[in-house]
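In the text below, chain A, chain B and the rest are named by the order of the sequence lines, each starting its count at 1. Computation of the quantities below employed the complete heavy-atom set of this structure, encompassing side-chain atoms and omitting hydrogens, waters and symmetry-equivalent molecules.
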Amino acid sequence: MQFPLNAAQREAVQCDGAPLLVLAGAGSGKTRVITAKIAHLCGRGVDASRIVAITFTNKAAREMRERAEQALRADGVASKLSISTFHSFGLRIVREEATALGLKRGFSIFDPSDIEPIVAELGATADRARARSMQWKISQWKNALVEPSAALASASSDDELAAARAYAGYRDALAAYQAVDFDDLIALPVALFDNDADARARWQARIAHLLIDEYQDTNGAQYRLFRHLVGRDTPFTAVGDDDQAIYGWRGATLDNLAALPRDYPELRVIKLEQNYRSTVRILRCANALIGNNPKLFDKRLWTELAHGEPLRVAPAADEEAEAVAVVRRLLAHKFERRTKLSDYAILYRGNHQARPFETALRAHSIPYEISGGQSLFERTEIKDIVAYLRLIANEDDDPAFVRALQVPKRGVGQATLAHLGRVAQARHTSLFGAVFEAELASAVPSRQRAALEAFCAMVNGIRHRAEREPAGRLLDELLRTIAYADWLTSTLDKRDAQARSQSVDDFVAWLTRKGEADGKNLLELTQMVALITMLEGREQERPDAVRLSTLHAAKGLEFPHVFLVGLEEGVLPHREAIDAGNIDEERRLMYVGLTRAQQTLSLSYCATRKRAGEKVDCAPSRFLAELAQEDLRYADRPLSGDEASQAKQTGNARLAALKALVAR
DNA sequence: TAGAGATTAGTTTTT
DNA sequence: CTAATCTCTA
């Protein structure tokens, strides 16, 4: 955006001494306002290290840092800014206040896969789905700052009761493991600040101005943390859009937006309504759609940009036909308009919807970048290595102990582990600690015992140096000692082993760099890894690729040309949301999708869809009927099966010719 | 203990 | 119809 700031934007930037709420419509230059404001604050002599900006995703944080660096060319200043996600900021607090919170320095951060078996056991269930739903409920309680006792009192169904009972035990288990979960990174600082005025004052003094992005997505715990951090007189800037609140399922509540004017009577509210992104037609459809939602703040987007092309609405026989049609159209469009692949995005409701599009894109060797999906840190090989790191940092981390002990195999199996577990329980110690208990000798053969002791000695050896020596050296040593690469080659076929070995190498190289750049030791790096979902610097590997993304992951992004797919009842709006009567949030999700598009927008839906192997009829989404009909152009009726397969063949032939042209 | 086959359950978004 | 988990055998 090369325009100067508009009046509202300027006002938001210059209002620096008071609490401020910026209601920033989609595409209204929100990020620009935030970065300009940071620059403005620095210009007014505010110490950069006391400016704190909080986002929800790592991606947003990284972007904001980049933009701030551009805005603040003065060297060294931008790097002093504190720009992080809510959770990383919480981690910083927990880390610095670990002792007060009863945690050791190397405490572990459990991810949902560590937690599931714990909750399953506490809830006395072997049913994974049930365990997950209990885990889910516990998380909801934590996000709403509900204590186990209160949860127990309020539980209304059998399921809730079981979850509430497991909740207290789960808390104890985390304490025993010296571990925290994601929700604790917010809830623990809140609990600390609730009770400790000194700590509160200390942290407040570190913040001269607090900026929060995507404020509408804060949950109860986050709002309370926010209030503790700004106290009574720290000025802040909250930026958000009630029409883009799409994280209600994660405990986010628009109450926090409504509460702000109440809790801060001197609050200034500035609306950004000029849109710099989309055509008139796209905006008119988005406005029409969102007009069906109740309004918290009155707001209407307008633009000076072109009228634009009508939005295309295309039916398809099924999801495969839809994918084929979208890809064909995309290629034809690219050829006609001489665009780049990265100008296109295909957006959908759920991750599983990506598959037919991946298949169709791959069939034409079109590079694509898929957001969401499995992140590097969820891959088995990375989790294996991280288990070692966690155990090195924290010997009480039993889940990490179990994983590290078994990968690579070192002749210790289920039976030994079971004995170890019994001893640990009897002695009130961790699995690691149980290895050194005398009574283990009676149950476990000496060969296994030797393996266990060697394992623990190795871990201890690295632990003693973890805080002093460079992380890179220790990582190399660890990998050599456990011979992880050898294990991969001996258990997997060559291709697989190579791929995994490569990703381990990437991971280690990245950690090493990170350790050097930020001066972090192995313990701190290990904690950071738990919060990162995407490997930085991975994106530029595919400089020109079609973007596949869920609507949630697409928030904050924009694309010249967007395909919004799977617009069916039961998909968008999602069945569960329909049943729960939560259509408003689905509508906002659709709104987010529409407002990602700059120039053209193509909407599609399927007549049938495969569900558990069977074809099911689908109805077009009700949201289609809520758009500005004069801005839509409906394509033909859905193709019959025969027509579809025929079209597929002729289409493919045409496509091959097109592709040859495009390739030049 | 580890890999290959059988069985069974699955439908939402993520720090 | 997958994909992941479980069970059985070497």
Side-chain angles (χ1 to χ4, degrees), chain A residues 54-61 84-91 109-112 126-130 132-133 136 139-140 142-143 180-187 214 217-219 221-222 244-252 318-320 347-356 371-375 377-378 380 406-417 448 451 487 490-493 528-534 549-555 566 568-580 582 585-586 588-590 592-593 609-616 618:
Chain A
I54 295 193
T55 64
F56 274 82
T57 64
N58 294 300
K59 197 173 66 190
S84 63
T85 64
F86 241 117
H87 287 84
S88 356
F89 195 75
L91 171 60
I109 300 172
F110 279 7
D111 70 22
D127 181 1
R128 289 194 62 189
R130 202 171 134 79
R132 283 207 186 156
S133 109
W136 181 252
S139 170
Q140 299 266 27
K142 284 196 172 190
N143 283 324
V180 302
D181 61 22
F182 289 161
D183 305 322
D184 285 334
L185 294 174
I186 311 298
E214 307 284 9
D217 289 330
T218 50
N219 62 37
Q222 286 163 337
Q244 294 186 69
I246 55 174
Y247 284 97
W249 51 274
R250 220 169 73 185
D318 56 34
E319 59 264 66
E320 273 173 32
L347 307 180
Y348 38 80
R349 173 70 231 256
N351 278 312
H352 68 277
Q353 288 173 261
R355 212 164 71 210
S371 67
Q374 211 193 22
S375 75
F377 294 93
E378 279 162 358
T380 20
Q406 293 183 306
V407 184
K409 302 282 175 215
R410 39 172 65 76
V412 177
Q414 283 308 315
T416 307
L417 218 43
Q448 270 77 9
W487 184 73
S490 68
T491 48
L492 300 165
D493 63 79
M528 183 191 68
V529 162
L531 292 185
I532 301 217
T533 48
M534 196 173 31
S549 172
T550 63
L551 288 165
H552 283 88
K555 190 161 73 151
E568 297 126 48
E569 284 294 300
V571 178
L572 184 69
H574 195 269
R575 162 111 288 121
E576 305 264 324
I578 298 174
D579 294 345
N582 191 15
E585 181 152 320
E586 299 291 303
R588 292 192 289 262
L589 211 40
M590 172 96 176
V592 166
R609 191 172 273 279
K610 271 206 218 77
R611 226 181 67 197
E614 264 168 317
K615 285 213 165 190
V616 184
C618 306

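- Side-chain contact between A/Leu531 and A/Phe182: present, with at least one pair of heavy atoms (C-beta onward) separated by less than 4.5 Å.
- Within the 4.0 Å cut-off from OP1 or OP2 of B/dT12, not a single side-chain nitrogen or oxygen of A/Asn351 is found.
- Atom CH2 of A/Trp136 is separated from atom P of B/dT12 by 11 Å (rounded to the nearest Å).
- Regarding A/Trp249, its CH2 atom lies at a distance of 9 Å from the C1' atom of B/dT15, rounded to whole Å.
- Mapping A/His552 and A/Ala129 onto DNA chain B by nearest heavy atom places A/Ala129 at the nucleotide closer to the 5' end.
- Straight-line distance from the CZ atom of A/Arg132 to the C1' atom of C/dA4: 11 Å, rounded to whole Å.
- In this structure, A/His574 reaches the B/dT12 phosphate: one of its side-chain N or O atoms is under 4.0 Å from OP1 or OP2.
- In the set B/dT13, B/dT12, C/dT2, the nucleotide with an atom closest to the side chain of A/Arg355 is C/dT2.
- Across the protein-nucleic acid pair, A/Glu585 atom CD and B/dT14 atom P stand 13 Å apart, rounded to whole Å.
- Counting atom types as modelled, A/Arg611 pairs a side-chain N or O with a base atom of B/dT11 as donor and acceptor under 3.5 Å.
- With both ends at atom P, the span from B/dT11 to C/dC6 equals 16 Å, rounded to whole Å.
- Atom CE of A/Met590 is separated from atom P of B/dT13 by 19 Å (rounded to the nearest Å).
- In this structure, a donor-acceptor pair under 3.5 Å is present between the side chains of A/Asp183 and A/Ser139.
- Residue A/Thr550 has a polar side-chain atom (N or O) positioned under 4.0 Å from OP1 or OP2 of B/dT14.
- Aromatic stacking of A/Phe56 on B/dT15: not satisfied for centres closer than 5.5 Å together with planes under 30 degrees.
- Atom CG in A/Asn582 sits about 14 Å away from atom P in B/dT12, given to the nearest Å.
- A/Glu568 is listed as a side-chain neighbour of A/Arg609, based on a closest heavy-atom distance under 4.5 Å.
- One interatomic measurement links the two molecules: CD1 of A/Ile246 to P of B/dT14, which rounds to 9 Å at whole-angstrom precision.
- By the 30° and 60° cut-offs, the orientation of the rings of A/Trp249 relative to A/His552 is perpendicular.
- Straight-line distance from the OH atom of A/Tyr247 to the P atom of B/dT12: 16 Å, rounded to whole Å.
- Nucleotides C/dT5 and B/dT12 have their C1' atoms positioned 23 Å apart, rounded to a whole Å.
- Where A/Pro112 and A/His352 each meet DNA chain B at their nearest nucleotide, the meeting point lying more 5' is that of A/His352.
- Using a 4.5 Å heavy-atom cutoff, the side chains of A/Ile54 and A/Thr85 are not in contact.
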